[in-house]
There are 2 protein chains.
Amino acid sequence: MTEQNVIDKPEGYFTCPVRRTLSVVGGKWKLLIINELLVSPLRFNELKRRVGKISQRLLTAQLRALEEDGIVTREVKNIMPPHVEYRLTTQGQSISEVIEVLTTWGEKAIEQDTQQQ
Amino acid sequence: MTEQNVIDKPEGYFTCPVRRTLSVVGGKWKLLIINELLVSPLRFNELKRRVGKISQRLLTAQLRALEEDGIVTREVKNIMPPHVEYRLTTQGQSISEVIEVLTTWGEKAIEQDTQQQ
DNA sequence: CGGTATCCAATCAGATACTG
DNA sequence: CAGTATCTGATTGGATACCG
């Protein structure tokens, strides 16, 4: 187990629903990763390209954490060169509800940003 | 302007709704803070007590950031001892939509956690 | 009460090199 | 291609002291 795999389960994790959700999707990158995987399963480098400025090391760590939380699956095809595909589980797909609300709220905010200029 | 007041607006901030939302509510504490303020306006120490293990310094920094993003207002009553009240703006209250979905998702997850034992 | 300033430890995160 | 290992700098966050 690497250093990043130790997912901190914050206090109140079992009892507070908001904390429970944040323990899975919290952090800078996880929602962005899930957002990309909602469209289609992706290979490591393709995912990296789409998420943006994330480093290889960080992306690996985030994906391992999401795997451990049952959000994504990692399928390794034993060929050369390697082919690893990341895919949302059923649970992972259910996070689309969260993303939708974030999207709606963000769209409104952007609208207001542009009106103020 | 203190060090923590420099809010990093990530790349794609203006165009990607998810990133736009995360730039406001992302981070370990902001959603938990907003969650408490949704119930009622709170004074600094009361808020600190409810949010949990957050340090004074961090809470201050998060509140300043939320203020700068138009999510909370800070009202100082000039009496002794000081009385500072934090309150959600209309925009801040609109984040309740986000919190609701996080709550719903978290409740389901907790349900599944307990069934597996 | 509600902060700010300072110091320091822990953690995060990028760059680079290397590998099955 | 999809990682891991290592080193290093940046950032976060706690503890403490002090202040209006």
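Letters A, B, ... mirror the listed sequences (proteins, then strands); counts begin at 1.
Cluster membership for B/Val39 and B/Ile95, using ILVMFWY side-chain heavy atoms within less than 4.5 angstrom, is not shared.
Atom P of nucleotide C/dA13 and atom NZ of A/Lys53 are separated by 15 Å, given to the nearest angstrom. Atom CG in A/Leu47 sits about 15 Å away from atom P in D/dC1, given to the nearest Å. Atom CG in B/Leu58 sits roughly 14 Å away from atom P in C/dG3 (whole-Å rounding). When the C1' atom of D/dG13 is taken as reference, atom CD of B/Gln62 falls 11 Å away, rounded to whole Å. What separates CG of A/Asn78 from C1' of D/dA2 is a distance of 12 Å, to the nearest Å. Remark: P of D/dA2 and CZ of A/Arg49 are 12 Å apart, rounded to the nearest angstrom. In this structure, the CD1 atom of B/Ile54 is 14 Å from the C1' atom of C/dG3, given to the nearest Å. Rounded to whole angstrom, the span from the CG atom of A/Leu59 across to the P atom of C/dG14 amounts to 11 Å.
You'll find the side chain of A/Glu46 stays beyond 4.5 Å of the side chain of A/Tyr86, heavy atoms only. Within the 4.5 Å cutoff, no side-chain heavy atoms of B/Arg74 are placed close to those of B/Leu63. Side chains of A/Leu37 and A/Arg87 form no contact here, defined as non-hydrogen atoms less than 4.5 Å apart.
Two residues, B/Phe44 and A/Trp29, neighbour DNA chain C, and the one matched to the more 5' nucleotide by heavy-atom proximity is B/Phe44.
Distance from the side chain of B/Ser55 is smallest to D/dG14 among D/dA2, D/dC7, D/dG14. Minimum atom distance to the side chain of B/Pro82 is reached by D/dG20, of the listed D/dG20, D/dA2, C/dG14. Checking C/dA13, D/dC1, D/dG13 against the side-chain heavy atoms of A/Lys28 singles out C/dA13 as nearest. When each of D/dA2, C/dA13, C/dG3 is scored by its nearest atom to the side-chain atoms of A/Arg43, the top-ranked nucleotide is D/dA2. Among the nucleotides D/dG13, D/dA2, C/dT4, the one closest to any side-chain atom of A/Arg74 is D/dA2. Out of C/dT6, C/dG14, C/dG2, the shortest distance to the side chain of A/Arg57 is found at C/dG14.
Residue contacts shown for A/Pro81 are limited to sugar-phosphate atoms, with no base heavy atom under 4.0 Å away.
Look at A/Tyr86 and you won't find any side-chain N or O under 4.0 angstrom from OP1 or OP2 of D/dC1.
Side-chain atoms of A/Thr21 do not come within 3.5 Å of backbone N or O of B/Trp105 as any donor-acceptor pair.
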